[in-house]
Amino acid sequence: CYHVTLLSKRLVDWLRYASVQQGGVASSGGFFTGPRIRQPGPVVELDGCVCGDFFTVLCVSQAFSDDQWMNLYSFSLLRHWLITYHNVTDGNNSTDADDRSEVDGSVVSMVSATSSSSRLLPPKERLREKSFEYCQRLIEQSDRKALKRTDTELQKACLVEAVCILDGVCVEDAGCVYRAFPCVKSLFGRLNSDLSCSRVLLPIAQFYLNHGEAAAVDSECVWRCVFGVLPAECFNDPYLAHETLSFIRANQLQLHSSVPLYSHYFPNLLKFLAWDSPGLVSDYVDVLPSLVTSGTAVELLHSLLDLPCLTAALTLQLRSACFPVSEPGGRGLSSLEAFRSPAHRGLFLFLLRGEAGSGDTMDRLSVLHDLLMEAADWSRVIQSAQCVPVLLHVYFNTVTTVSDERLLAQLVLVLLERSSLLLNIPRYTAEIHRVFSHHLLKLCKLHPSLVVEQSRELLEFAGTTTNINSKEDLYTHVVWVLGEYLSVSFDSRCSVDLVTSCFETLEAVLFEITSSGSPSPRVVTSLLSALAKLASRSHDLIPRVSLFLSKLRNGAVSWCGSEEDVVAVVTRGEELWSLLKLPSVALSVLTPPPLATSPRWHGDANAALPPRLRTLTGLTHTHTHAKI
């Protein structure tokens, strides 16, 4: 603790009391004279004016003295030192350490002793106070017009560090908030319209997030700038994208509680991802759950599916700005002409919107896909499409925790609708259908009543035979959930008429595909299983499905493409036909009650079934070995 206190006192000396005179510069005095020392002058500000206050990192000198170098080094480590020092107690020897540091022989230590007000503070508070003054001085210096471009960049870097240090000081000492806010607020007012200073706005936003409520300050203008203006104008800035996502990841809980409209800015935040998908997808895996709310869930799903379209629109936006119509680079792309056309401007404006709430999706989505057809092979668009399945898994895993059954029913409709409204990118459609299929099963298993509520739309999808060829994976899963969950045991609203209607729809599809083509055995077996399940719940339907199954047993499988397909279809048909011969058994096997499936009685150690199964298995093995 002695060394910590001693170093903190030295940091105060180096930060606040460095010399304001330039270091000595040796110059040649000619051929016959030795070198002479040029009289040092005062250090100057970045705009060339003589320094009128204490020395900082933003002061200019032809040569720096040792204490000025220590000033620069001290500022570079100050933020991390304050964070570390905040968790260290001063101890009982703080006064002794303070006294010894003054008689160590350091000139700057003697200078610091002249400040009586500062000497009254303990070392930790004294360092905090001098850090506060130093950062305020830097913010004042940053308003000066730098003579060199490199100095302008230095000003921005120092502003980032200064605001972060002020934030840390205010976290440690809440009494500093009211002193710091006027300075930070005026800094934001000066920089919020300057996109070249965007990197400074995120530390300011962090300051407002941490202390805005305590100071009773309206922060809406800050969030409108950080989440509204910056992503829309600087989506192609990789540094800003990384810093923005890091800010969101570190403050997700605070943003939810303190910034109610945070999730409504997701259309803007997705622009970072659309532009640089490979570099940011891992960040969005962490950020996306914070954007999923009951109010944004449906629109966010549409936006994720249209992410490749957003990538194409951003590319066209930049190209349209860089290449006017009069230049050769501004012509030749039909999609660019469509982007500039007033007739299609509304479609692109919706894609490029900054906030949610203007509608879940657009009416002419298929028209937009046709306009962007040539963008399907752009490398940036393909990379954007590749990250969508990953984010959809994150989305669906999150939405089930924040949505009610009514919203989930709406999402089922979106799955069915958007399965045929996707930008035609190689392998993209198949991947999305695979994700849809997986999560359709999870949604229906979590809420089986969704199948009854959306039975009309599900039956319409299952009754369209063209869906079999273009969406086989999703189609088979829709058929499965209809056969599995369209039962009174899952929803008391499931009537006999509904079961019969579903049976007749699937039966018509089965007869059509087996009489006019070579259907996939996977589709046929799914339809057979669904029909058998429905028939077991309405015994009047058993003869109808049994007739078709008996034809299979008699070899009426000429539509099968291979011997393996014949074996798969016939085997499934025989199993179902055998079950339906005993309707009561078929009902218990094809539609088991919930207690029969959860818990699994054959695996329950407290039930009598597992020992019996083990005994029968042992007898079977013994009988087999005896024969051998």
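Every heavy atom of this structure was used, including side-chain atoms; hydrogens, water molecules and symmetry mates were not.
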(request) Mark yes or no for whether N268, through its side chain, and G228, through its backbone, hold a donor-acceptor pair below 3.5 Å. (result) yes

> What's the verdict on side-chain hydrogen bond (donor to acceptor under 3.5 Å, both in side chains) for N236 and K271, showing C-alpha distance, side-chain angles and the deciding distance?
Replying inline: CA-CA 9 Å; N236 57 340; K271 292 176 183 178; over 6 Å; no

*State whether the number of non-hydrogen atoms from other residues, nucleotides or ligands found under 6.0 Å of E405 atom CD is greater than 12.*
yes

Item checked: D66 atom CG, over 12 foreign heavy atoms within 6.0 Å -> no

query: With under 30° as parallel and over 60° as perpendicular, where do the rings of Y262 and H256 fit, or are they tilted in between?
result: perpendicular

Can E129 and R179 be counted as an ion pair, charged N to O under 4.0 angstrom? yes

Sorted by chain and residue number, the salt bridge (Lys or Arg N to Asp or Glu O under 4.0 Å) partners of D173 (sequence neighbours excluded) come out as none

Side chains of [X] and [Y]: donor-acceptor distance under 3.5 Å anywhere?
| X | Y | value |
| --- | --- | --- |
| S334 | E374 | yes |
| S335 | R340 | no |
| Y208 | D167 | no |
| T5 | S8 | no |
| Q141 | E45 | yes |

Looking at every heavy atom in both [X] and [Y], which two are closest together, and how far apart are they?
| X | Y | result |
| --- | --- | --- |
| Y178 | A214 | OH-O, 3.3 Å |
| L314 | A274 | CD1-CB, 4.0 Å |
| V160 | P203 | CG1-CG, 3.8 Å |

Residue pairs passing the ring-ring contact (aromatic ring centres under 6.0 Å, His included) test with at least one member in residues 360-415, sequence neighbours excluded, are H393-H438, H393-H439, F396-H439

Rounded to the nearest 0.5 Å, the CZ atom of F181 sits from the SG atom of C176 at a distance of 13.0 Å

Is any side-chain heavy atom of V43 less than 4.5 Å from a side-chain heavy atom of F64?
no

